[in-house]
Q: 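Below is the structure I would like to discuss, written out as structure tokens.
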Amino acid sequence: MTSAPPERAKRRRRARPKRLLKRLGSRRMRQQVYDLLDQGSDHPVGMVLQRVIIALIVISVAGSVLVTVPALDARFDDLFATIEFAAVVAFSVEYLARLWVAVEHPPYREMAPWRARLAYVFSAGALIDLVAIAPFYLELAGVIDLPALLVLRLLRFLKLARYSPGMRSLADAVQSERTALLSCLMFLIGLALISASFMQWAEHEAQPDKFGTVPDALYWAMITLSTVGYGDVVPITTMGKMVASLTAVFGIAMLALPVGILATSFAQVIQRRDFVVTWSMVARVPLFNELPAADIADIMRYLNSLSAEAGEVIVRKGDAAHSMYFIATGEVAVEVPGQPVRLGEGHFFGEIALLKRSKRSATVRAVSKTKLLVLDAADMQGLIERKPHIGEVIERVALQRISSEGIGKNGDLASKELRLDEDRDDGA
Ligand code: CMP
């Protein structure tokens with residue numbers, strides 16, 4: 001009798017590490033699934049997954065459009081049904097997987113899992129994902145008719161926003177300027193009301209069927225202010241024509257305003273995004289990441305990003321040289337006599353021809369998908385003048401590369417020289 005509680009406690013203690021391991025295992029798996037779904041473009045499997053989802057979105061939207069053509073619907077009925085079924089199954093699995101990994105999203109990480117998932121369910125991305133699958137289940141339950149169903153199905157197109165940085169930037173631009181855009185809308189509504197009232201007063205006797213009431217005149221005002229002008233309702237009195245002229249002029253101004261606001265905001269969002277991307281790439285290059293933030297920001301103005309696919313030639317032996325390259329991610333092979341020299345993340349190349357003002361000394365090819373930061377010749381000169389220790393490292397590496405003794409066993413010439421802080425400590 002007395003031994004039962006200690007036994008139970010022992011069993012519980014033994015079970016604890018197992019439970020912990022199980023929880024850690026599922027957390028790791030959740031993190032991996034999150035990385036695949038959300039950081040897919042940096043991962044080969046994630047990239048394939050993203051492409052499959054994008055293809056499914058495009059095919060299912062095309063199917064939903066073509067199914068409205070009676071001749072095609074009659075002929076390819078089964079095909080359309082199969083596409084729809086496959087898309088819904090895939091999108092449903094994606095929805096559930098995203099819900100599961102919602103806890104890993106940086107903004108929700110501090111929340112309790114149920115709260116994080118609830119917050120995710122009401123996010124714009126999750127609502128669009130839900131709209132992509134909802135019509136199928138609503139139809140299955142018999143609560144929706146076909147035309148409404150088709151409209152909802154076509155909204156799947158919005159799912160592409162997740163995979164298109166351009167669409168995301170546009171959404172960000174609208175979001176950040178929502179107050180100004182809302183003011184424009186209010187102004188437009190006010191203007192439409194004023195011109196409709198004037199028009200109704202000017203035209204209601206001459207054309208009671210078209211301008212008899214303010215709501216009738218409102219239709220004309222909106223079509224005129226938006227500069228569409230169908231021409232199905234036109235003023236015939238002198239006063240009416242004067243009101244119409246003024247309305248048309250205000251219409252042009254009203255359209256230019258939100259377009260201008262949106263264009264400026266869009267450009268700013270793209271600039272901000274490029275800044276963040278370049279910053280994270282610069283931070284991977286040891287030559288730069290020891291610098292204070294202000295210096296990194298200064299250097300970033302001169303660096304452009306470039307991607308190279310596996311096997312692509314980045315510089316070719318004998319070509320004229322205009323820039324040097326820093327490897328942010330990936331790997332390149334320098335085709336020197338004998339074994340090619342491999343250079344990885346944080347290394348640089350293309351400096352010899354710039355320093356010697358000569359042609360390229362070797363061909364450099366990307367071994368895997370590589371992201372590079374490109375520094376033009378003139379900017380490199382400016383950088384060396386402003387940051388002499390960076391210039392010293394670049395020159396030292398170039399000298400070692402030129403002299404054949406400098407080639408290490410594994411060809412990894414630059415790794416020591418790139419450790420700027422060590423160099424400075426040595427020198428002290
Ligand atoms: P550049 O001559 O401008 O273009 C080819 C680049 O390959 C060269 O600059 C160097 O950056 C790089 N390179 C040439 N030889 C070697 C080497 N032996 N080891 C590492 N990199 C090299």
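Remember, it's 1-based here, ligands and their atoms both numbered in the order they're listed. All values derive from a computational prediction rather than experimental measurement. No hydrogens, no waters, no symmetry mates; every other heavy atom, side chains included, goes into these values.
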Q: Under a 4.5 Å cut-off applied to non-hydrogen side-chain atoms, are Arg162 and Arg98 in contact?
A: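 SC-SC contact between Arg162 and Arg98 confirmed.
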Q: Is there a nitrogen or oxygen of Glu351 sitting under 3.5 Å from a nitrogen or oxygen of ligand 1?
A: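 The answer is yes, given that Glu351 and ligand 1 share an N or O pair closer than 3.5 Å.
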Q: Any atoms of ligand 1 less than 4.0 Å from a non-hydrogen atom of Val336? List them with their elements.
A: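 Here the atoms of ligand 1 in question are 15 (N), 16 (C), 18 (N).
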Q: Run down the list Gly350, Gly318, Ser358 and name the one with the heavy atom closest to atom 9 (O) of ligand 1.
A: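 Among Gly350, Gly318, Ser358, the closest heavy atom to atom 9 (O) of ligand 1 comes from Gly350.
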Q: Does Arg401 make a cation-pi contact with Phe348, if we ask for NZ or CZ under 6.0 Å from the ring centre and within 45° of the axis?
A: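 Relative to the ring axis of Phe348, which defines the angle, Arg401 lies inside both limits.
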Q: Strictly below 4.0 Å, N to O, side chains only: are Lys159 and Asp129 in salt-bridge contact?
A: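 Looking at Asp129 together with Lys159, the answer is yes, because their closest N to O distance falls below 4.0 Å.
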Q: Classify the angle between the aromatic ring planes of Tyr34 and His105 as parallel (below 30°), tilted (30 to 60°) or perpendicular (above 60°).
A: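 Geometry flag for His105 against Tyr34: perpendicular rings.
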Q: Please confirm whether Ala321 approaches ligand 1 to less than 4.0 Å, judged on its heavy atoms.
A: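 The answer is no, since Ala321 has no heavy atom less than 4.0 Å from ligand 1.
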Q: Distance under 4.0 Å to a non-hydrogen atom of Val364: what atoms of ligand 1 satisfy this?
A: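 Those of ligand 1 that fall under 4.0 Å from Val364 are 5 (C), 6 (C), 7 (O).
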Q: Hey, which atoms in ligand 1 end up nearer than 4.0 Å to a heavy atom of Phe349?
A: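 Selected atoms, number and element: 11 (O).
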Q: Can you find a heavy atom in the side chain of Ile296 that is under 4.5 Å from one in the side chain of Trp279?
A: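 Yes, side chains in contact.
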Q: Nearest 0.5 Å, please: how far is NZ in Lys241 from CG in Leu246?
A: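 Going from CG on Leu246 over to NZ on Lys241, the span is 15.0 Å.
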Q: Taking the minimum heavy-atom distance to atom 1 (P) of ligand 1, which of Ala398, Pro340, Pro337, Ala353 ranks first?
A: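 The residue whose heavy atom sits nearest atom 1 (P) of ligand 1 is Ala353.
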